[in-house]
Amino acid sequence: MSVRTRYAPSPTGEPHLGNIRTAFFDWLLARHYGGQFILRIEDTDQARYVESGVGAQMDALRWLGLQWDEGPDVGGPHEPYVQSERLPLYHSHADRLLEEDKAYRCYCSPERLDQVRKEQQARKEPPRYDRHCRDLSSEERRAQEAAGITPVVRFKTPPAGETQTQDVLRGEVTFRNETLDDFVLLKSDGFPTYHLASIVDDHLMDITHVLRGEEWFRNETLDDFVLLKSDGFPTYHLASIVDDHLMDITHVLRGEEWLSSLPRHVLLYGAFGWEPPVFAHLSTILGPDRAKLSKRHGAHAALEYREQGYLPDAVVNFLALLGWSLDDHTEIIDRATLVKHFDLDRVLPNPAVFNADKLLWMNGVYIRALPPEELADQALPFLERDLGRPLDRALLLRIVPLVQERIKLLSEITAMADFFFTGDNMAYDIETLLGKKYGGQPRLAADALGGVIAAIESVEPWTHDGLEAAVRPLADEIGAKAGDLFGLARVAITGKTTAPPLFETMEVLGRERTLARLRQAAERLEAAGQR
RNA sequence: GCCCCCGUCGUCUAGGGGACCAGGACGCCACCCUUUCAAGGUGGAGAUCGCGGGUUCGAAUCCCGCCGGGGGCACCA
């Protein structure tokens, strides 16, 4: 059977980066093995249902290029892919467990459950269902039914013994043969080594499963959990197991917070007589304070990264490196390479702190690698959004080479290049124009700018090389440092002290607009000099 | 309180008995380049591999204990 993974969000809000990383790993695994990636909506909690939730999940996946092969919108052989539309399925499966005495109906009120829990906590006992309804007589049950109480269905957890489970990230280690040597089987004192002895004994004693580093849970730490709620909806435990089985899911990747529920799920698979899939519980992503990533750590809803000007490829590359690595030195990895090399054997079980600085750096790398036309297409919407009107793409295309290696976010295009699109009536204050060098000497600055104007007025052709050749010697003539003179002109032309290279900027801006801005600056300096 | 997971530079990580007085990346510092800002180049600081025992000729790597961090203990997922 081919590898089938699933991303199964519940539509309770916006997906954040942690969810998306899980989805991405699911996607990667499926693509790596040429299998299927399934999107399944787990909307079994009516109280927390958010209308826009499903759309937000799909938007985020689409933005990052994680296309699913089966799902609510595209369909597939296991329809429907929304759990609220699969209710009869869960009921029939719960009925089956009921008939086989592997589950029972529970009539306890939320108030009683609450009460029991409080008492247990007061006695410093683990809060767990007390199995009150596990062995009700048929008369007692009839009485409850007669009173109109809708029961829940609970799983009959074995009260003792152990349940063994396996998680690939924690429970299994694979070795490459080239790392092994010719190891000893029999020692010189005649005793076997562990390698020999364990293999021989395991075989002779008919050991069928050797699990090292497996998680095991004592059943007495588990309680009789709910399968079907009184509103007729299944709990996650029931719904996810039934669906994963029916949809032939082979690998379940999910957040670490599910690890504690794993024995329940394994027990359930056992009760149904089904083969469980491979489980991998992905570690949590932490904020800078080492607490689970959340809203108060800033923007972590996946789609907010789109608004800020991150590139999907950069985000996906960064996410891949959160708990997985290709080797000991590769950081920039394109999608195809990711798909080619990704596997669970290099996924780490330990939690990772989200390093926003590194994501920003990586986004800069991807921006610089973009073909200029594409960067123009990507950046245009940001510029138009910030300036509030449609802009000339042809002009932007000429600007892109000047800003490409200066921005790390698409949104930074505005601060870097807005002056190309504004009128020539510049809004800077005179102090900024004068800067440190010409502070208090507006006349001197005015003369310097006058020199620049005279030098470039009739330059032919109007290219950055020609402009520089005309202006640079001027600095010497008037006894100024080139940098100081250029700085003055920079503010006059861009309104900023930080901007793209001066002569390239002049070239793109054109003779007329450049001279207009320089003349305006000179006039303002003259006026300041009069006072 | 009980159960489970995790523990290598500030952060992401490589490593899985000798090649490690621990390699790469982000960030930080310095220098170079330079008209500002970036980008780029070179170099540097930064980890007694959480701590303590043990096994071994040899431990970041194997074992035990401890400590620390995280997660779970719902008619939520």
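So that the names make sense, note that chain A is the first sequence line, chain B the second, and so on, each numbered from 1.
- The separation of C9(B) from G27(B), taken at their C1' atoms, amounts to 12 Å, rounded to a whole angstrom.
- Here Arg368(A) reaches the OP1 or OP2 of G40(B): one of its side-chain N or O atoms lies under 4.0 Å away.
- Nucleic acid contact for Thr44(A): sugar-phosphate only, since backbone atoms but no base atoms lie under 4.0 Å from a heavy atom of the residue.
- Base engagement by Pro501(A) is indicated by at least one non-hydrogen atom pair under 4.0 Å involving a base atom.
- The side chain of Glu405(A) approaches A38(B) more closely than any other nucleotide in the set U35(B), A38(B), C73(B).
- Among the protein residues, Gly323(A) comes within range of the sugar-phosphate backbone only, with heavy atoms under 4.0 Å from sugar or phosphate atoms but none that close to a base.
- Among pairs with a residue in residues 484-497 of chain A, those fulfilling salt bridge (Lys or Arg N to Asp or Glu O under 4.0 Å) read Asp418(A)-Lys496(A), at least two apart in sequence or across chains.
- One can place CG of Leu286(A) at 18 Å from P of C5(B), the figure rounded to the nearest angstrom.
- Heavy atoms of Ser230(A) sit under 4.0 angstrom from at least one base atom.
- Among residues two or more places apart in sequence or in another chain, the side-chain hydrogen bond (donor to acceptor under 3.5 Å, both in side chains) test is passed with His237(A) by His265(A).
- The Arg117(A) side chain lies nearest to A74(B) when the options are U35(B), A74(B), G70(B).
- For the 3.5 Å distance criterion, the side chains of Asp224(A) and Tyr104(A) qualify, holding a donor opposite an acceptor.
- In the set G71(B), C6(B), C37(B), C6(B) carries the atom at the smallest distance from any side-chain atom of Asn350(A).
- Taking a pair to require two hydrogen-bonding distances under 3.5 Å in either a Watson-Crick or a G-U wobble arrangement, C28(B) pairs with G44(B).
- Listed candidates were C6(B), G70(B), U13(B). Nearest to the side chain of Thr284(A) is G70(B).
- Nearer the 5' end of RNA chain B, as judged by each residue's closest nucleotide, is the contact made by Arg21(A), out of Arg21(A) and Glu257(A).
- Legend: residues meeting side-chain hydrogen bond (donor to acceptor under 3.5 Å, both in side chains) with Thr497(A), ordered by chain and number and at least two apart, are absent.
- Between the C1' atom of C37(B) and the CZ atom of Arg490(A) lies a distance of 8 Å, rounded to the nearest Å.
- The partner of A19(B) is absent, by the rule that a Watson-Crick or G-U pair needs both atom distances under 3.5 Å.
- With sequence neighbours excluded, no residue forms a salt bridge (charged side-chain N to carboxylate O under 4.0 Å, His left out) with Lys437(A).
- Taking the ring centroids of Tyr310(A) and Tyr366(A), they lie at or beyond the 6.0 Å cut-off.
- One C1' atom belongs to C64(B), the other to C76(B), and the distance between them is 39 Å to the nearest Å.
- Heavy atoms of Pro151(A) sit nowhere under 4.0 angstrom from any nucleic acid atom.
- OP1 or OP2 of G15(B) sits under 4.0 Å from a side-chain N or O of Arg346(A).
- Here the C1' atom of nucleotide U35(B) and the CG atom of Leu518(A) are 15 Å apart, to the nearest Å.
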Please report, to 0.1 Å, the donor-acceptor pairs under 3.5 Å made by any side chain of residues 17-26 of chain A, with sequence neighbours excluded.
from, atom 1, to, atom 2, distance (Å)
Arg21(A), NH1, Leu322(A), O, 2.6
Arg21(A), NH2, Ser283(A), O, 2.3
Thr22(A), OG1, Gly18(A), O, 3.3

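- In the set U11(B), A77(B), U13(B), U13(B) carries the atom at the smallest distance from any side-chain atom of Ser325(A).
- In this structure, the side-chain contact (heavy atoms from CB on, under 4.5 Å) partners of Ala103(A), at least two apart in sequence or on a different chain, are Leu97(A), Leu98(A), Val153(A), Leu227(A).
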Check: protein-nucleotides 60-66 of chain B nitrogen or oxygen pairs below 3.5 Å:
none

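- Residue pairs meeting the salt bridge (Lys or Arg N to Asp or Glu O under 4.0 Å) criterion with at least one member in residues 313-322 of chain A, sequence neighbours excluded: Asp313(A)-Arg335(A).
- Partners of Glu125(A) under the side-chain hydrogen bond (donor to acceptor under 3.5 Å, both in side chains) rule, at least two apart in sequence or in another chain, are Arg123(A).
- Under the rule for a side-chain hydrogen bond (donor to acceptor under 3.5 Å, both in side chains), the partners of Arg472(A) that lie at least two apart in sequence or sit in another chain are Glu468(A).
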Where do N or O atoms of nucleotides 25-30 of chain B meet protein N or O atoms at under 3.5 Å, pair by pair?
from, atom 1, to, atom 2, distance (Å)
A25(B), O4', Glu331(A), OE2, 3.0
C26(B), O2', Lys358(A), N, 3.2

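- With Tyr107(A) as the partner, the side chain to side chain donor-acceptor pair (under 3.5 Å) test is satisfied by one option alone out of Arg141(A), Gln144(A), Glu145(A): Glu145(A).
- Comparing G54(B) with A59(B), their P atoms sit 12 Å apart, to the nearest whole Å.
- For the pair Arg154(A) CZ and A74(B) P, the computed distance is 10 Å after rounding to whole Å.
- Across all strands shown, Arg123(A) has no heavy atoms under 4.0 Å from either base or sugar-phosphate atoms.
- Ring geometry for Tyr269(A) versus Phe279(A): interplanar angle over 60°, hence perpendicular rather than tilted (30 to 60°).
- In this model, the phosphate group of A77(B) is approached by a side-chain N or O of Lys229(A) to a distance below 4.0 Å at OP1 or OP2.
- Note: CZ (Phe354(A)) to P (G10(B)) measures 20 Å, nearest angstrom.
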Short heteroatom pairs, N/O only, protein and nucleotides 32-34 of chain B, under 3.5 Å:
none

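- Minimum atom distance to the side chain of Asp328(A) is reached by G23(B), of the listed A74(B), G23(B), G70(B).
- A donor-acceptor contact under 3.5 Å links the side chain of Arg406(A) to the base of C37(B).
- We find that OH of Tyr428(A) is positioned 20 Å from P of U36(B), with the value rounded to whole Å.
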